[in-house]
2 protein chains.
Amino acid sequence: MAKIVTLPPSAHASVEELLQATGQLLRRLRAESSGDNLTWSQTAVLGQLGKHGPKTTADLARAEAVKPQSMSATLAALEDQGLVERQPHPTDGRQILFGLTKSGVAAREARARLKRTWLSGAIAQLDASDLRTLLAAVEPMKRLANS
Amino acid sequence: MAKIVTLPPSAHASVEELLQATGQLLRRLRAESSGDNLTWSQTAVLGQLGKHGPKTTADLARAEAVKPQSMSATLAALEDQGLVERQPHPTDGRQILFGLTKSGVAAREARARLKRTWLSGAIAQLDASDLRTLLAAVEPMKRLANS
DNA sequence: TATTGTTATACTCTATAACTATA
DNA sequence: TATAGTTATAGAGTATAACAATA
């Protein structure tokens, strides 16, 4: 039997606001991120590689929910800057593992410091309840994004 | 006295996840939006004009948290499609009010229908608690974006 | 044939800088 | 001078289509 969900009329309007708020927040974060040489997407990839170790183009594309072609462009930019390097995949010649170089590790750490600085300031202006609400929304947002 | 906020170590990591989730959700929504001729930004502007009536470039830029120049480009695209039209400002010759044309009203309604269709499907896969959590996050997100 | 990755191309979004017109 | 709007320009991010190499 199909699942029937009835929403109050206001729910749709609010979801639209969610979309608007999402766009605004992302623009703000992107703008705040600029200032060193790393872009938003590049930072995200460095974070992935730092957290999980070497990954393939397809892995990274999946993790960030972009197409492999788009990820390929981001990786090329990082490679140009000497922040990531290629390693052959041990068993599958088609795949390529990307890992952080020493510079990449350093860049990732510097970046994390910067990000914490801004986030701490911004978050300090939210009260604890707002913060809890935001963090609680992370999982539902991911579910909605991947549904 | 300065406001001191102490966060648990996990909070920063979670905020990073919030950023990632924000990006993923926006990409998903953008991708889902394509299919007719209106882009994401254009749809947002139609929504603003439909909800609040004619507004100036600066008003719209503020509402969407973009620069006036960026809004000008979006408005030009909408004008090319015959969806918005200019009206002189009654008292200030520098300002220009943009309002929906008949086509614009129709486009906005068609768009809202489409959006509801996708949103309803996506939302149906969230449970009521997730939905509440998401909607509760809207205001904190806006505060964070504008802080 | 199917999968992984890349190159080529194009478009949206956004920003900054410089300009015009009006207040 | 200050404000509202636009034009010109540039860069990031993303997508689709077409291709090469490997499984």
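A quick note: this is a predicted structure, and the numbers were derived from the prediction, not measured. Letters A, B, ... are given to chains in the order of the sequence lines, protein chains preceding strands, and every chain is numbered from 1.
Distance CE (B:Met71) to P (D:dT7): 16 Å, rounded to an integer number of Å. With rounding to whole Å, A:Leu60 atom CG is found 13 Å from D:dT14 atom P. Going from atom NE2 of B:His89 over to atom P of D:dT6 covers 14 Å, rounded to whole Å. Regarding A:Glu64, its CD atom lies at a distance of 17 Å from the C1' atom of D:dA15, rounded to whole Å. As rounded to whole Å, 13 Å separates atom P of D:dA4 from atom CG of B:Leu97. Taking atom CZ of residue A:Arg86 and atom P of nucleotide D:dA21, one finds them 15 Å apart after rounding to whole Å. Taking atom CD on A:Gln69 and atom P on D:dA15, their separation rounds to 8 Å, with Å as the unit.
The structure places CD of A:Gln20 at 5.0 Å from CD of A:Gln24, a figure rounded to the nearest 0.5 Å. With rounding to the nearest 0.5 Å, the separation of OG1 in B:Thr43 from CZ in B:Arg108 is 10.5 Å. Taking OG1 from B:Thr22 and CG from A:Leu26, the interatomic distance works out to 6.5 Å, rounded to the nearest 0.5 Å. Once rounded to the nearest 0.5 Å, the distance linking OG1 of B:Thr74 with CD of B:Gln42 reads 6.5 Å. If you take OG1 on A:Thr56 and CD1 on A:Ile96, they are separated by 9.5 Å, rounding to the nearest 0.5 Å.
Between B:Leu75 and A:Gly93, it is B:Leu75 whose nearest contact on DNA chain D lies nearer the 5' terminus. Closest-nucleotide positions on DNA chain C for B:Pro68 and A:Ala73 were compared, and the one nearer the 5' end corresponds to A:Ala73.
The side chain of A:Thr39 sits closest to D:dG13 out of D:dA2, D:dG13, D:dT22. Here the nucleotide nearest the side chain of A:Lys67, chosen from D:dT6, D:dT16, D:dT22, is D:dT16. Comparing D:dG5, D:dT22, D:dA4 by their nearest atom to the side chain of B:Arg94 picks out D:dA4.
The residue A:Thr74 sits apart from the nucleic acid: no heavy atom pair falls under 4.0 Å.
Taking only side-chain nitrogens and oxygens, B:Thr57 comes nearer than 4.0 Å to OP1 or OP2 of D:dT6. Applying the 4.0 Å criterion to OP1 and OP2 of D:dG13, one finds that B:Arg27 has every side-chain N and O outside that range. Put simply, A:Ser70 has a side-chain N or O that comes within less than 4.0 Å of OP1 or OP2 on D:dA15. Residue B:Ser72 places none of its side-chain N or O atoms closer than 4.0 Å to OP1 or OP2 of D:dT7.
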**Request:** Given side-chain hydrogen bond (donor to acceptor under 3.5 Å, both in side chains), test A:Glu64 with A:Gln48 step by step and report yes or no.
**Result:** CA-CA 9 Å; A:Glu64 294 295 321; A:Gln48 288 285 331; 3.2 Å; yes
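Between chain B and DNA chain C, the heavy-atom contact criterion of under 4.0 Å yields a 5' to 3' nucleotide range of C:dT12 to C:dA23.
Using modelled atom types and a 3.5 Å distance limit, the side chains of A:Asp130 and A:Thr133 yield no donor-acceptor pair.
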